[in-house]
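Taking it in order: structure first as structure tokens, then the write-up.
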Protein chains: 4
Amino acid sequence: MKSPIGRKKAKEPRLRGTQFIRKVLDAVIEQLAAVGFERLSIPEVAERAGVNKTSVYRRWPTKGDLIRAALDISMGSAGSASSTGNLRSDLVGTARLAADFVESPLGTGALRMLLAEGANPDVRNLAASMLRRQETEGPRALFDLAMARGELPRDTDVQLVLSTVAGALMHRAFIEQGPLTDAFIEDLVDLILSGASRNRSRR
Amino acid sequence: MKSPIGRKKAKEPRLRGTQFIRKVLDAVIEQLAAVGFERLSIPEVAERAGVNKTSVYRRWPTKGDLIRAALDISMGSAGSASSTGNLRSDLVGTARLAADFVESPLGTGALRMLLAEGANPDVRNLAASMLRRQETEGPRALFDLAMARGELPRDTDVQLVLSTVAGALMHRAFIEQGPLTDAFIEDLVDLILSGASRNRSRR
Amino acid sequence: MKSPIGRKKAKEPRLRGTQFIRKVLDAVIEQLAAVGFERLSIPEVAERAGVNKTSVYRRWPTKGDLIRAALDISMGSAGSASSTGNLRSDLVGTARLAADFVESPLGTGALRMLLAEGANPDVRNLAASMLRRQETEGPRALFDLAMARGELPRDTDVQLVLSTVAGALMHRAFIEQGPLTDAFIEDLVDLILSGASRNRSRR
Amino acid sequence: MKSPIGRKKAKEPRLRGTQFIRKVLDAVIEQLAAVGFERLSIPEVAERAGVNKTSVYRRWPTKGDLIRAALDISMGSAGSASSTGNLRSDLVGTARLAADFVESPLGTGALRMLLAEGANPDVRNLAASMLRRQETEGPRALFDLAMARGELPRDTDVQLVLSTVAGALMHRAFIEQGPLTDAFIEDLVDLILSGASRNRSRR
DNA sequence: CCATAATCGAGACGGTACGTCACGTCTTGAG
DNA sequence: CTCAAGACGTGACGTACCGTCTCGATTATGG
């Protein structure tokens with residue numbers, strides 16, 4: 001029989017289903033950005049999410065499962081730059097998007113993960129596919145358009161150009177630990193397009 | 001099966017002093033390249049070195065101490081490219097050295113460490129100084145010479161150029177997981193010097 | 001083949017009310033005999049009864065409640081030996097009943113419980129009352145009749161005799177793990193009545 | 001900030017080897033008597049012994065190993081009654097020893113264990129051998145002597161007599177929860193030797 | 001050549017965090 | 001209204017490492 005005054009405590013209702021999942025995966029992304037793949041532990045994620053660790057283990061038995069899930073649902077926000085009819089603008093736009101990604105918790109986490117655990121095949125598969133989508137699919141189309149417009153030689157090594165841009169962004173962000181400002185991005189694009197040597201064409 | 005000769009066991013004598021240190025620090029570098037900073041553990045280093053873990057703890061109480069020591073003695077092999085009187089050759093030489101470093105166990109370990117654990121201040125201090133020496137000191141001089149020769153505008157953003165080259169190498173090595181071939185390096189240098197766009201000057 | 005008539009699935013209807021209770025409490029007795037008080041768990045009882053654990057918790061919130069209920073309804077089958085006009089026969093009859101109880105699932109469970117968890121006050125209260133009823137109420141009357149008939153000295157320590165018989169049965173059943181045969185019971189009664197020493201009177 | 005008074009703490013030295021074992025196994029016996037076999041947990045034993053749980057697991061991986069070890073070293077204090085040339089005295093002495101054992105922590109623990117987990121073969125083997133030694137080996141000899149002296153018929157069922165005595169003691173201790181006084185023991189022995197019925201021979 | 005100190009090996013122990021398990025509570029939906 | 005089904009919280013357990021401590025063995029060094 002219940003106490004007549006049984007106003008129990010007004011405890012907020014348990015998180016269940018979607019809300020529960022949402023809260024946990026958000027915590028994963030935060031934790032990933034904060035401490036990286038290696039140091040991310042399920043108990044800590046659970047605590048950060050205000051949830052019991054057992055419940056997390058039930059849904060995602062391993063760290064890999066958990067992170068995979070977190071990255072999956074966080075990748076809807078991809079988006080790629082649309083062509084402006086000008087290669088430089090397109091490249092700047094693309095690089096800006098990539099830079100935003102690199103500086104986002106999600107991007108930082110994913111990249112750190114890939115860099116640190118490149119040896120681990122699981123990690124590689126996980127992050128590589130994600131990065132490929134982010135880095136190449138959209139941009140590649142822009143290059144094709146630029147070649148069609150005659151702004152770029154047909155034999156351009158697109159992969160090299162993209163790698164170089166991406167590498168420069170990452171070097172700036174992770175090694176020099178500097179911000180990815182618009183000015184930096186424009187200078188970078190100019191360098192890539194025009195070259196450093198004397199007989200180059202300026203914008 | 002026992003050896004027919006009753007040779008007692010021929011146990012080699014204990015490592016002491018310098019030999020001991022040498023063996024341990026080598027193992028540290030190997031371990032660093034194999035599993036990275038985070039997963040490197042003193043007991044495992046000791047076992048790989050064929051040494052007792054207590055002895056390692058005596059000399060280097062923390063993981064930081066141990067790795068610092070290992071990197072310190074492994075950095076004598078730096079060396080920088082000497083000028084050839086031609087910017088492109090100099091850049092290729094410099095990039096080749098950097099690439100060798102990136103692909104060496106020491107470089108892989110140090111870079112993975114810095115990239116993955118950039119959040120950790122200890123790691124950052126440790127590796128940043130090391131990289132700065134490796135990446136900039138030598139190269140910078142080559143650029144000054146090139147400017148003096150008129151191969152390069154005086155307002156060239158040297159830091160940007162270096163960052164871009166280094167970033168491209170790292171992207172290739174760690175993200176794309178491809179080898180740093182001479183061809184790749186030459187293409188990279190050409191891209192940086194001449195630019196990607198149509199009106200560029202080829203080598 | 002499906003039934004042509006929309007017979008929903010022939011799933012047996014849910015157990016409710018009395019049938020539900022019956023099924024659960026039976027399972028409790030079985031479980032009690034099988035694994036004892038300590039290892040008996042409500043979820044397992046529920047599963048054995050083919051019932052949902054939540055429903056069991058609703059009716060009997062604690063293990064004590066559940067077992068108490070199970071023992072209560074299982075104690076109607078008590079019955080005590082009726083007098084035959086002869087002490088030995090009466091004692092054999094009484095011991096036989098006690099032995100049957102000891103060897104029954106209910107008795108095994110209850111006794112194991114009392115013996116093993118005598119430290120637990122709940123257990124003690126629960127089982128002690130039950131055993132007292134079983135062991136003493138009926139038998140005591142038989143002894144009074146025997147004294148009236150002059151078969152027994154008036155100063156006989158009835159409690160001691162009963163304890164000894166009961167103790168011997170339990171020792172045989174639980175320690176020696178042997179069966180409580182009629183022969184054993186008769187030998188036991190003879191020993192108690194006539195004594196072991198030389199100058200005893202045989203039956 | 002460290003305390004300015006660096007008085008380290010005067011921590012007592014670690015328990016090692018024999019002292020360590022001693023402390024743990026003592027705690028096992030206590031725990032066994034306090035809560036029985038089922039509820040005994042290695043972590044709690046470790047805490048009671050003031051020792052780390054991991055260290056206990058290292059030496060005795062399972063609860064069975066631990067309890068076996070504890071019982072083994074606690075059985076040196078067995079001792080059996082020596083013959084006095086009189087059957088009654090011998091029996092009283094033997095029963096007194098048995099009673100002391102039953103009331104000791106060790107005996108309580110072992111018996112509870114056997115009673116509660118009689119189904120478990122491990123437990124049965126463990127405790128049965130121990131009890132057999134305690135209950136029968138010594139006593140049996142006394143009966144042989146009594147038969148030789150003519151105090152007892154040669155066809156006496158020694159096992160039955162011993163079981164009955166032991167059973168009565170256990171019933172008294174565990175079911176009635178009463179103390180095993182000298183008076184009780186003497187009354188019990190008299191009952192067993194002389195019988196309860198009228199035509200018995202008193203001591 | 002021997003004695004003594006410094007160094008290293010070996011193992012036991014304390015300590016922390018992790019992943020698992022079983023239990024009991026809560027919410028929701030079906031009969 | 002009762003029961004089923006499942007999700008979730010909660011506590012304890014056993015395990016895996018790591019780092020510390022103690023003791024014994026070996027090697028280098030000074031008289």
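Everything numeric here is computed off the predicted structure, so don't read it as measured data.
Judged by distance alone, the side chains of B:T62 and B:D65 do bring a donor and an acceptor atom under 3.5 Å apart.
We find that CD of C:E47 is positioned 14 Å from C1' of F:dA5, with the value rounded to whole Å. Between the CZ atom of B:F20 and the C1' atom of F:dA28 there is a distance of 16 Å, given to the nearest Å. A:R59 has its CZ atom 14 Å from the C1' atom of F:dG9, to the nearest Å. Rounded to whole angstrom, the span from the CZ atom of B:R16 across to the P atom of F:dA25 amounts to 16 Å. The CD1 atom of B:I21 sits 11 Å away from the P atom of E:dT7 (whole-angstrom rounding). One atom, CD of B:Q19, and another, P of E:dG9, lie 12 Å apart when rounded to the nearest Å. Rounded to whole Å, the distance from CD on A:E44 to P on E:dT16 is 15 Å. Regarding C:D65, its CG atom lies at a distance of 12 Å from the P atom of E:dG24, rounded to whole Å.
The phosphate of F:dA4 (OP1 or OP2) has a side-chain N or O of C:S55 nearer than 4.0 angstrom. Distances shown here put a side-chain N or O of D:S41 below 4.0 Å from the OP1 or OP2 atom of F:dC13.
Comparing C:P61 and A:P61, the nucleotide of DNA chain E nearest to each residue sits closer to the 5' end for A:P61. Each of C:I42 and A:K63 was matched to the nucleotide of DNA chain E holding its nearest heavy atom; the match closer to the 5' end belongs to A:K63.
Residue D:R58 is in base contact, counting any heavy-atom pair closer than 4.0 Å across all strands shown.
Side chain of B:N52, nearest nucleotide from E:dG9, F:dT27, F:dG11: E:dG9. Closest to the side chain of C:P43, out of F:dC8, E:dG24, E:dA6, is E:dG24. Among the nucleotides E:dG24, F:dC18, F:dA4, the one closest to any side-chain atom of C:Y57 is E:dG24.
Side-chain contact between B:I73 and B:I21: absent, with no pair of heavy atoms (C-beta onward) separated by less than 4.5 Å.
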From CA spacing to verdict: side-chain contact (heavy atoms from CB on, under 4.5 Å), C:D72, C:L25: CA-CA 10 Å; C:D72 274 357; C:L25 296 188; over 6 Å; no

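Salt-bridge check for D:K53 with D:E47: failed, with every basic side-chain N at 4.0 Å or more from each acidic carboxylate O. For the pair C:D26 and C:R22, the salt-bridge criterion is met [side-chain N within less than 4.0 Å of a carboxylate O].
Within 3.5 Å, a donor on the side chain of B:T54 pairs with an acceptor on the base of E:dG11, or the reverse. A donor N or O paired with an acceptor N or O is not found under 3.5 Å between the base of E:dG14 and the side-chain atoms of D:K53.
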